[in-house]
Amino acid sequence: MTADETTSASTGDGVDGSHGPTAAQLRRFIKSRPYVPLHELRRRFELNGDLDEVAAINVPEDGLIFVGLPRREADFIAGLVRDGEVGVELCRDPMVPLVVGVFPMKPVTRS
């Protein structure tokens, strides 16, 4: 790791490609916008996996759904959905609940 990468990682400005974003970084990014398509999460956090990489997650209202993110980040999204922090937009064509975007459920309060 170079000095620039260390500085970037310690300030939280960048994303370490080998570890990916933290749950807090995903939450903050999603909460800062009214809607985030999944491809935007992949681009913003450099989640360059396989084109057909999909992880199954279990959420309260919809049961088993599929997220086109690596397992670690999909688990972060599942936790945010279970906590009521974010919602998911599902594409049901084909007849599989596939996440196409996420959105904040509670507005961010500013002091």
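Just so you know, these numbers use all the heavy atoms, side chains as well, and skip hydrogens, waters and symmetry mates. We count residues from 1, following the sequence as given.
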* With sequence neighbours left out, write down each residue that passes side-chain hydrogen bond (donor to acceptor under 3.5 Å, both in side chains) with Arg42, or none if nothing qualifies. => none
* Structure fact -> Of all heavy-atom pairs linking Phe103 and Glu89, the shortest is CE2-N, 3.9 Å
* Are Val67 and Leu64 connected, step by step, through hydrophobic side chains (Ile, Leu, Val, Met, Phe, Trp, Tyr) whose heavy atoms are closer than 4.5 Å? -> no
* To do: Grab the two heavy atoms, one from Pro21 and one from Phe76, that are nearest each other, plus how far apart they are.
  => O-CE1, 3.3 Å
* To do: Specify the closest pair of heavy atoms between Tyr35 and Gly101, including all atoms of both residues, with the distance to one decimal.
  => OH-CA, 3.4 Å
* Taking only residues two or more places apart in sequence or in another chain, which ones pass side-chain hydrogen bond (donor to acceptor under 3.5 Å, both in side chains) with Arg82? -> none
* **Steps toward side chain to side chain contact (heavy atoms under 4.5 Å, CB included) verdict (Arg28, Lys31)** => CA-CA 5 Å; Arg28 190 170 34 251; Lys31 292 281 203 173; 5.9 Å; no
* Asked: Looking at Pro34 and Pro104, what are the two nearest heavy atoms and their distance?
  -> O-CD, 3.7 Å
* Is any side-chain heavy atom of Ile65 closer than 4.5 Å to a side-chain heavy atom of Val88? -> yes
* CD1 of Ile30 to CG of Leu41: how many Å apart, nearest 0.5 Å? -> 5.0 Å
* Side-chain heavy atoms of Val99 within contact of Leu90, under 4.5 Å -> yes
* Asked: Mind checking what makes side-chain hydrogen bond (donor to acceptor under 3.5 Å, both in side chains) contact with Glu73, not counting sequence neighbours?
  -> none
* **Value rounded to 0.5 Å, distance of CG in Leu38 from CG in Leu69** => 4.5 Å
* To do: Would you name the heavy atoms of Glu53 and Pro70 that are closest together and state the gap between them?
  => OE2-CA, 3.5 Å
* Asked: Of all residues at least two apart in sequence or in a different chain, which pass the salt bridge (charged side-chain N to carboxylate O under 4.0 Å, His left out) check with Arg72?
  -> none
* **Separation between CD1 of Ile57 and CG of Asp75, rounded to the nearest 0.5 Å** => 7.5 Å
* **Residues which pass salt bridge (charged side-chain N to carboxylate O under 4.0 Å, His left out) with Asp62, listed by chain and number, not counting sequence neighbours** => Arg92
* Asked: Residues two or more places apart in sequence or in another chain: which of them pass salt bridge (charged side-chain N to carboxylate O under 4.0 Å, His left out) with Arg33?
  -> none
* Check: Gln25 side chain, Thr22 main-chain N or O, donor-acceptor pair, under 3.5 Å -> yes
* Identify the heavy atoms of Val86 and Ile77 that sit nearest to each other, and give their distance. => CG2-O, 4.4 Å
